[in-house]
Amino acid sequence: MNAASLIQAVKDRFPDGVKASHSYRGDATVILGREFLLEAARKLKEDTVFQMNFLMDLTAVDFSTFGTKRSPAFFANSGIAVSPSPEIPDADPWPGPPGGHPTAGAAPGTARFVVVYHFFSLPLKHRLRLEVPVGEAEEAEPEVDSLSSLWAGADWLEREVWDMFGIRFRGHRHLKRILMYEGFVGHPLRKDYPVNKRQPLIGPAN
Amino acid sequence: MDLTKTPGSPPGEPETREMLLNVGPAHPAMHGIIRIITKLDGEQIVDTDVEIGYLHRGFEKMAETVDYNGVIPYTDRLNYVSPLINNMGYCMAVEKLLGISVPERCHYIRVIVSEISRITDHLTCVGAGAMELGAFSVFLYMIKAREYLWELVEMVTGARLTVSYCRVGGVKGDLPEGFDEPCRKALQETRKVLAEADALLTRNRIFVDRMSGTGKISAEDAISYGITGPFLRATGVEYDVRKDCPYAVYDRLQFDVPVGTRGDNYDRFLVRMEEMEQSIRIVEQALRDIPPGPFLAHPETGRPIPAAEMVDEGKIGNIAAIVDTRAVTDPTLEGAAKSQHPNIEAGEKRVFLPAKEDTYGNIEGLMQQFKLVMYGHGIRPPKGEVYFPVEGANGELGFYVVSDGTSSAYRVRVRPPCFAIMSALPKLLIGDMIADVTPTFGSVNMIGGELDR
């Protein structure tokens, strides 16, 4: 199924859940309210129209500093705008961060994080990206439903997102850090975690 | 947990107890740093916990701090056994974000080097796995073959391990002059080694006994864990990114996707052995089909033209004869002198980092380099997000890149193929004997750099 009809099929099944959609560079993308996630994922897996049997990737993006990076003033306009080759789809523009711009003075309801799911259907050979904005209104540790009951692979991927972003997964059987050690403070891939921050290495608990 | 006595053991029976055995983080039979905590009943594994993260370097965080081309050396260090595939995956993701495509010759070059990398990766995996089961000579033979291939890689990229060969919008330099012949020869040598390894292992009683029936996983479980690559194909599922979502020029090349039936260690070994043969096939076809690059030699004399001589020719107006040829400069990389690369770059000077020969040799190259590496300049893709998968040696290697329109990526995420396999490791080990950890873990082909990033 191509990107447009795939998005339409998701919209037809979840008219309330789908907040927005786009197919920037041909990647079918649907932005979904978090309360619909588990139901939508189950549908994607089981519905014969989708047959998304692979959860290829699960990650998150912290959009809190999106668009705030300063360009050096003198060079502000020396950047390179590249026009795409004709064979690469460019018709559908990217609408911006899925949860809105969560910078200072943002409108209420804008979300800081986006949990990103990449699904793939082996029988039908199509891919879908599902984005779930979380972390509205200064939630310290936002929470979203776990998909580990549907895909076994979600277990470790969700642990990694918890480790790196501090997003909790409701229904995960054993949410603990995976790449960092237990005594580590903070979540390193959050944008407010300084890149040069050092912490003492603490060995495993036993 | 009381380790002295199983609470339920009936009176009069010999007391049994479960034992905790810690394997790792630096066990000699481990290919990387990993810790497996096993709970044993006799020699049988009843439960296991896998701990990873010992090689975490913060790749994804670092990728947010450097410019787009600056990430390429870091990608070398993800799967360091086949770095060229990582290079290619990352560059193709950024190219998709930018919306540019590279010339055909560049695609072919990338395909050739990444298939060579795939062979080296499988050679290492199968060789090391066999060594751990006692077949030391197979390991030596396979490392010998890997050496032939690494010599090719060194010819093309100038380095053996940390190659950094691809660029956003092209590759660092063209294939060196006369690459065909040593390449074909190395592939023939590799074939011989594969035949030797096949003779030594495939019907070897000890090897088959250790590999067959151990580390089993069903196709449904493998899909549920998100396992891809040879590991998935050994369970009988025919999924290969090169076939199912073809990229570069894989759709023009003939190759088969080998699949297994039982999903055990032995099938994984057979699949990897056959995949090496298929990769050799791909490289041979690509060498045959690759569009010609620019010529270094003078069309009349058939020898390369030194730069000074070319200037003299130009001064006397003899331009027609040399218009398509290139002067010899002092190359840092043999292939780089061949062209001022019309056939290997995307034709988009605002993106492609010029070869060192250009940077040092002419003002256009210098300016192009300046505009790409100086602070505040560099590639600035439009705002957006893309996901691009390629077939890594261990499975689907995906790069998810988010751009905020500045010269460094807002977020780079790697989908490491062996992460999914490692998360299924408890499933593979439970029920097997403790001695089966070695062949099973060997066939997982864990690469720490890619797993922990």
Side-chain angles (χ1 to χ4, degrees), chain A residues 24-27 29 53-57 59-63 65-69 71-72 74-76 78-85 87-90 93-94 96-97 116 118 120 122 125 127 129 150-157 160 163-164 177-181 188-189 191 193 195 204, chain B residues 35 51-53 56 58 60-62 64-65 96-101 221 223-228 237 239 244-245 346 348 350-351 371-372 374-387 389 396 398 400 402 404-408 410-411 413 415 419-420 422-424 427 452-453:
Chain A
Y24 182 73
R25 298 278 186 253
D27 288 355
T29 308
N53 50 356
F54 272 99
L55 173 63
M56 269 300 172
D57 195 17
T59 186
V61 186
D62 176 2
F63 275 107
T65 62
F66 193 86
T68 59
K69 196 195 276 175
S71 312
F74 183 73
F75 300 122
S78 79
I80 295 163
V82 177
S83 51
S85 317
E87 64 263 37
I88 290 172
D90 188 40
W94 194 60
V116 183
H118 285 99
F120 174 66
L122 184 58
K125 311 266 188 279
R127 286 175 193 272
R129 181 187 301 137
L150 295 169
W151 286 276
D155 185 328
W156 272 30
L157 290 165
E160 192 187 331
D163 191 0
M164 293 289 146
R177 288 185 183 272
I178 185 163
L179 294 179
M180 310 310 288
Y181 47 93
L189 279 181
K191 288 286 177 181
Y193 190 92
V195 72
Chain B
R35 186 169 178 221
E51 237 177 51
I52 66 167
H56 181 62
E60 292 174 7
K61 189 81 174 174
M62 283 193 288
E64 292 169 8
T65 62
K96 183 175 174 187
L97 186 64
L98 282 160
I100 59 172
S101 55
D221 284 337
I223 288 175
S224 173
Y225 275 101
I227 293 174
T228 48
V237 180
Y239 171 57
D244 293 318
C245 317
E348 183 58 78
R350 293 171 295 182
V351 167
K371 290 292 281 180
L372 286 169
M374 283 298 285
Y375 175 63
H377 295 251
I379 309 171
R380 293 192 190 179
K383 289 178 187 178
E385 56 186 329
V386 292
Y387 177 79
E396 174 166 326
Y400 170 63
V402 180
D404 61 349
T406 60
S407 57
S408 54
Y410 190 75
R411 170 108 172 86
R413 154 80 184 166
R415 180 209 186 270
F419 191 83
M422 286 302 292
S423 74
K427 181 106 194 158
D452 297 340
R453 282 153 287 143

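Just so you know, these numbers use all the heavy atoms, side chains as well, and skip hydrogens, waters and symmetry mates.
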Exercise. Is it the side chain or the backbone of B/S423 that comes within 4.5 Å of chain A heavy atoms, both, or neither?
Worked result: both

Problem set entry | Nearest non-hydrogen partners of A/Y24 and B/P382, listed with the distance | OH-CG, 3.5 Å

Exercise. Checking B/Y410 side chain against A/F66 main chain: does a donor-acceptor pair fall under 3.5 Å?
Worked result: yes

Problem set entry | chain A contacts, top residue of B/R413, B/H56, B/E385 (heavy-atom pairs, under 4.5 Å) | B/E385

For this session: Would you mind reporting whether B/E64 and A/K191 have side-chain heavy atoms less than 4.5 Å apart?
Result: yes

Exercise. Do you know which of B/E396, B/K427, B/M62 has the most heavy-atom pairs with chain A at a distance under 4.5 angstrom?
Worked result: B/E396

Exercise. For B/S408, is it the side chain, the backbone, both, or neither that has a heavy atom closer than 4.5 Å to a heavy atom of chain A?
Worked result: both

For this session: Quick one: sort the B/Y400 and A/H118 rings into parallel, tilted or perpendicular, breaks at 30° and 60°.
Result: perpendicular

Exercise. By a 4.5 Å heavy-atom criterion (distance strictly below it), what part of A/R177 contacts chain B: side chain, backbone, both, or neither?
Worked result: neither

Exercise. What are the two closest non-hydrogen atoms of A/A152 and B/S224, and how far apart are they?
Worked result: N-OG, 2.9 Å

Seminar exercise, completed: In this structure, CH2 of A/W156 is separated from CD1 of B/I52 (nearest 0.5 Å) by 4.5 Å

Seminar exercise, completed: If one checks every heavy atom of A/L157 against chain B at 4.5 Å, the contacting part turns out to be both

Exercise. So, does A/Y181 use its side chain to make a donor-acceptor pair with the main chain of B/G53 at under 3.5 Å?
Worked result: no

For this session: Can you tell which part of B/V402 gets under 4.5 Å to a heavy atom of chain A, answering side chain, backbone, both or neither?
Result: side chain

For this session: Of all the heavy-atom pairs spanning B/I223 and A/N53, show the shortest one and how long it is.
Result: CG2-O, 3.3 Å

Seminar exercise, completed: chain A shares the most heavy-atom pairs under 4.5 Å, among B/I227, B/L97, B/D221, with B/L97

Exercise. Taking every heavy-atom pair that is under 4.5 Å apart, which of B/G398, B/A420, B/C245 has the most such pairs with chain A?
Worked result: B/C245

Problem set entry | B/D404 side chain reached by A/T65 side chain, heavy atoms, under 4.5 Å | no

Exercise. What heavy-atom pair brings B/K61 and A/P188 nearest, and what distance separates the two atoms?
Worked result: NZ-O, 3.0 Å

For this session: Determine whether B/Y387 and A/T59 make a side-chain contact, defined as any pair of heavy atoms from C-beta on separated by less than 4.5 Å.
Result: no

Seminar exercise, completed: Whatever's closer than 4.5 Å to a heavy atom in chain B on A/F120 counts as side chain

For this session: Quick one: which of A/M56, A/E160, A/K125 has the most heavy-atom pairs under 4.5 Å with chain B, could you say?
Result: A/M56

Exercise. Hey, are the side chains of B/R411 and A/L189 touching, using non-hydrogen atoms and a 4.5 Å cut-off?
Worked result: yes

Problem set entry | Option that, when pairs with chain B are counted at under 4.5 Å, heavy atom only, ranks first among A/V116, A/D155, A/T29 | A/V116

